[in-house]
Amino acid sequence: MGITRAYSILGFMITLILSFVIASNIESYSHPESINFLRESLLESLEFQKENSNNPTLEETFDKFISDLEYNLNERMYKKLSLVRIIGCIVALFGSVFLRQRKKIGLHLFLGGNMFVIMGSFYFLGLGLSGWVINFSYLVFATLSTLYFFRKRAYLI
């Protein structure tokens with residue numbers, strides 16, 4: 001009975017997390033100008049770190065990261081990224097609902113939605129530092145939750 005309870009609690013938590021991600025991305029899609037504040041604060045922080053660094057190889061890395069952020073973090077890209085995340089997370093949300101009902105189709109929807117979000121995010125942000133930094137938290141969430149449900153796939157009908 002303990003596995004069933006843990007499975008249902010984790011499924012419920014993942015459903016709530018995906019609902020929150022959808023809501024926050026709807027807000028980001030509606031107001032893409034909010035990325036300007038984030039970009040400016042990141043660039044300011046990176047410039048400060050670059051000035052305090054005494055290592056010339058790190059300065060080159062900072063320059064690459066700064067140019068990557070300036071190119072990728074704009075309102076148009078952020079709006080597209082938010083739309084991709086909304087679509088993928090809705091598919092993953094339907095998958096999590098079916099997983100809570102122990103349907104095999106739920107695993108496929110959940111995995112497909114997560115893969116769509118991750119691949120779409122890297123498509124719009126690139127495989128540079130900005131792509132990895134912005135996608136890191138979702139990548140960890142998707143990996144851990146997918147691994148859990150993949151290991152428990154024997155309980156699915």
Side-chain angles (χ1 to χ4, degrees), residues 1-43 45-46 61 64-157:
M1 192 68 180
I3 292 174
T4 305
R5 184 173 172 96
Y7 185 88
S8 64
I9 289 172
L10 189 65
F12 182 71
M13 287 176 29
I14 288 175
T15 302
L16 288 176
I17 290 170
L18 284 171
S19 300
F20 175 76
V21 171
I22 291 170
S24 67
N25 279 301
I26 288 173
E27 179 66 25
S28 298
Y29 184 77
S30 301
H31 303 289
E33 64 274 358
S34 62
I35 195 64
N36 293 330
F37 175 73
L38 177 64
R39 183 183 63 234
E40 294 304 320
S41 62
L42 281 173
L43 291 175
S45 173
L46 286 171
T61 304
K64 286 181 183 178
F65 193 35
I66 288 169
S67 66
D68 192 36
L69 282 175
E70 288 174 344
Y71 177 74
N72 288 324
L73 283 184
N74 56 45
E75 291 181 23
R76 186 176 57 87
M77 290 286 200
Y78 193 61
K79 192 169 184 173
K80 289 180 181 181
L81 174 67
S82 296
L83 183 62
V84 164
R85 284 190 174 177
I86 290 168
I87 293 168
C89 286
I90 287 174
V91 172
L93 181 66
F94 281 123
S96 71
V97 169
F98 285 126
L99 279 170
R100 289 176 56 203
Q101 297 173 357
R102 297 186 182 215
K103 306 277 185 195
K104 280 189 180 182
I105 189 73
L107 183 61
H108 300 290
L109 288 172
F110 188 75
L111 180 62
N114 284 331
M115 291 300 294
F116 183 77
V117 169
I118 292 169
M119 293 175 81
S121 297
F122 280 119
Y123 175 76
F124 286 114
L125 295 176
L127 292 173
L129 284 172
S130 65
W132 284 100
V133 167
I134 292 178
N135 293 321
F136 183 74
S137 62
Y138 192 81
L139 188 63
V140 169
F141 163 74
T143 303
L144 292 178
S145 58
T146 301
L147 284 176
Y148 176 78
F149 285 126
F150 194 72
R151 289 193 68 206
K152 302 295 181 185
R153 71 183 182 275
Y155 297 107
L156 301 176
I157 300 172

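Values in this document were obtained by computation on a predicted structure and should not be read as measured data. Below, all heavy atoms of this structure are taken into account, side chains as well, without hydrogens, waters or symmetry copies.
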Determine yes or no for a side-chain-to-main-chain donor-acceptor pair under 3.5 angstrom, with Ser24 supplying the side chain and Val21 the backbone. yes

In short, Arg39 meets Glu70 closest at the heavy-atom pair CD-CA, 4.4 Å

If I compare all heavy atoms of Leu99 with all of Gly106, which pair ends up nearest, and what's the gap? CG-C, 3.7 Å

What residue pairs, at least two apart or across chains, pass salt bridge (charged side-chain N to carboxylate O under 4.0 Å, His left out) with a residue in residues 77-92? none

Name all residues meeting the ring-ring contact (aromatic ring centres under 6.0 Å, His included) criterion together with Phe122; count only those two or more places apart in sequence or in a different chain, and write none if there are none. Trp132

Using every non-hydrogen atom in the two residues, find where Ala92 and Asn114 come nearest and quote the distance to one decimal. CB-OD1, 4.0 Å

With rounding to the nearest 0.5 angstrom, report the CG to OG distance, Leu83 to Ser28. 12.0 Å

Return the set of residues passing ring-ring contact (aromatic ring centres under 6.0 Å, His included) with Tyr78 (not counting sequence neighbours), or none when no residue passes. none

Tell me if the CE atom of Met77 is crowded by more than 12 foreign heavy atoms within 6.0 Å. yes

Drop me the distance from Ser67's OG to Leu43's CG, to the nearest 0.5 angstrom. 10.0 Å

Below 4.5 Å, heavy atoms only, C-beta onward: do Phe149 and Ile14 meet side chain to side chain? yes

Taking only residues two or more places apart in sequence, or in another chain, which ones meet Val84 in a side chain to side chain contact (heavy atoms under 4.5 Å, CB included)? Phe116, Phe124

If you round to the nearest 0.5 Å, how far is CG of Leu139 from CD1 of Ile134? 13.5 Å

Provide the closest heavy-atom pair for Cys89 versus Val117 in the form atom of the first, atom of the second, distance. N-CG2, 3.7 Å

Atom OG in Ser41, atom CG in Leu46: separation rounded to 0.5 Å? 9.5 Å

Quick one: does Asp68's side chain have a donor or acceptor within less than 3.5 Å of a partner on Lys64's backbone? no

Compare all side-chain heavy atoms of Leu42 with those of Val133 and state whether any distance is below 4.5 angstrom. no

Can you confirm whether Tyr7 sits close enough to Arg102 that some side-chain heavy atom of one is under 4.5 Å from a side-chain heavy atom of the other? yes

Output all residues satisfying side chain to side chain contact (heavy atoms under 4.5 Å, CB included) with Lys104, sequence neighbours left out; order by chain, then residue number. Leu156

Going by heavy atoms in the side chains, are Ile86 and Ile26 under 4.5 Å from each other? yes

Search all heavy atoms of Ser96 against all heavy atoms of Leu18 and return the closest pair with its distance. OG-CD1, 4.1 Å

Mind checking the CG-CG spacing from Leu10 to Leu144? Nearest 0.5 Å is all I need. 10.0 Å

With rounding to the nearest 0.5 angstrom, report the OG to CD1 distance, Ser19 to Ile90. 10.0 Å

Identify the heavy atoms of Leu109 and Gly95 that sit nearest to each other, and give their distance. CB-CA, 3.6 Å

Could I get the full list of ring-ring contact (aromatic ring centres under 6.0 Å, His included) partners for Tyr138, not counting sequence neighbours? Phe141

